[in-house]
Student: 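Take a look at the following structure, please.
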Amino acid sequence: MKTTVKVTPRLGKVLKERGMTQVKLSELTGIAQGNISRFDKLESHKDTHTVLISRALGISIEDLFEIELIQTEENHQSK
């Protein structure tokens, strides 16, 4: 079995749950609003942005993402 990890950002959902805008989060973190807007669209994130956002929201870094472990069987084909 092979385990693949699928990580999906969920900042938009967190902000919606809290009734917070990207502009307000930008003010709290010092991160440009445009960078916050792109957070959920990116596959990689600046470490500093991730830390600042999680601290400003009072949540763990892991809570900023949906993490799914996908197990698949490995195919061993001989040539």
Student: Nearest 0.5 Å please: distance from the CD atom of Gln33 over to the CZ atom of Arg38.
Tutor: 8.5 Å
Student: Contact between Glu73 and Met1 at the side-chain level, heavy atoms closer than 4.5 Å - yes or no?
Tutor: yes
Student: Taking a hydrophobic cluster as the set of Ile, Leu, Val, Met, Phe, Trp and Tyr residues connected by side-chain heavy atoms closer than 4.5 Å, whether directly or through intermediates, do Ile70 and Val7 fall within one such cluster?
Tutor: no
Student: Suppose we screen for ring-ring contact (aromatic ring centres under 6.0 Å, His included). Which residues come up paired with His49, at least two apart in sequence or across chains?
Tutor: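 Testing His49 for ring-ring contact (aromatic ring centres under 6.0 Å, His included), a comparison that skips the adjacent residues, returns none.
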Student: Considering non-hydrogen atoms only, spot the tightest contact between Phe65 and Pro9 and give its length.
Tutor: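 That closest heavy-atom pairing would be CD2-CA, 3.6 Å.
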Student: Establish whether Val23 and Ile31 are linked, either directly or via other cluster members, by ILVMFWY side-chain heavy-atom contacts under 4.5 Å.
Tutor: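 Unlinked, Val23 and Ile31 end up in two clusters.
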Student: Measuring from atom OG of Ser54 to atom CD1 of Ile59, what distance do you get when rounded to the nearest 0.5 angstrom?
Tutor: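 The distance works out to 7.0 Å.
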Student: Please give me the minimum heavy-atom distance between Leu42 and His45, naming the atom from each residue.
Tutor: O-CE1, 3.5 Å
Student: Can you sort out the partners of Glu27 under salt bridge (Lys or Arg N to Asp or Glu O under 4.0 Å), two or more places apart, ordered by chain and number?
Tutor: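 Checked Glu27 against salt bridge (Lys or Arg N to Asp or Glu O under 4.0 Å); zero matches.
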Student: Would you check if the side chain of Ser26 reaches a backbone N or O of Gln22 as a donor-acceptor pair within less than 3.5 Å?
Tutor: no
Student: Any chance you could measure Leu57, atom CG, to Leu15, atom CG, to the nearest 0.5 Å?
Tutor: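 Spacing of CG (Leu57) from CG (Leu15) equals 6.0 Å.
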Student: Let's go through Glu66 and Lys6 carefully: what are the C-alpha distance in whole Å and the side-chain angles of both, what is the deciding distance for salt bridge (Lys or Arg N to Asp or Glu O under 4.0 Å) to 0.1 Å, and is it a yes or a no?
Tutor: CA-CA 8 Å; Glu66 290 178 14; Lys6 180 180 176 187; over 6 Å; no
Student: Roughly how far, to the nearest 0.5 Å, is CG of Leu11 from CG of Asp40?
Tutor: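 Rounded to the nearest 0.5 Å, the CG-CG separation comes to 5.0 Å.
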Student: Ignoring hydrogens and geometry beyond distance, is a side-chain donor-acceptor pair present between Asp63 and Ser60 at under 3.5 Å?
Tutor: yes
Student: Quick one: salt bridge (Lys or Arg N to Asp or Glu O under 4.0 Å) partners of Glu62, sequence neighbours excluded?
Tutor: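 Glu62 satisfies salt bridge (Lys or Arg N to Asp or Glu O under 4.0 Å) with no residue once adjacent residues are dropped.
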Student: Got a donor-acceptor contact below 3.5 angstrom from the Thr29 side chain to the Leu25 backbone?
Tutor: yes
Student: Just wondering, are more than 12 heavy atoms of other shown residues or ligands nearer than 6.0 Å to CZ in Arg55?
Tutor: no
Student: Is Thr8 close to Lys13 at the side-chain level, that is, under 4.5 Å between some pair of heavy atoms?
Tutor: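 SC-SC contact between Lys13 and Thr8 ruled out.
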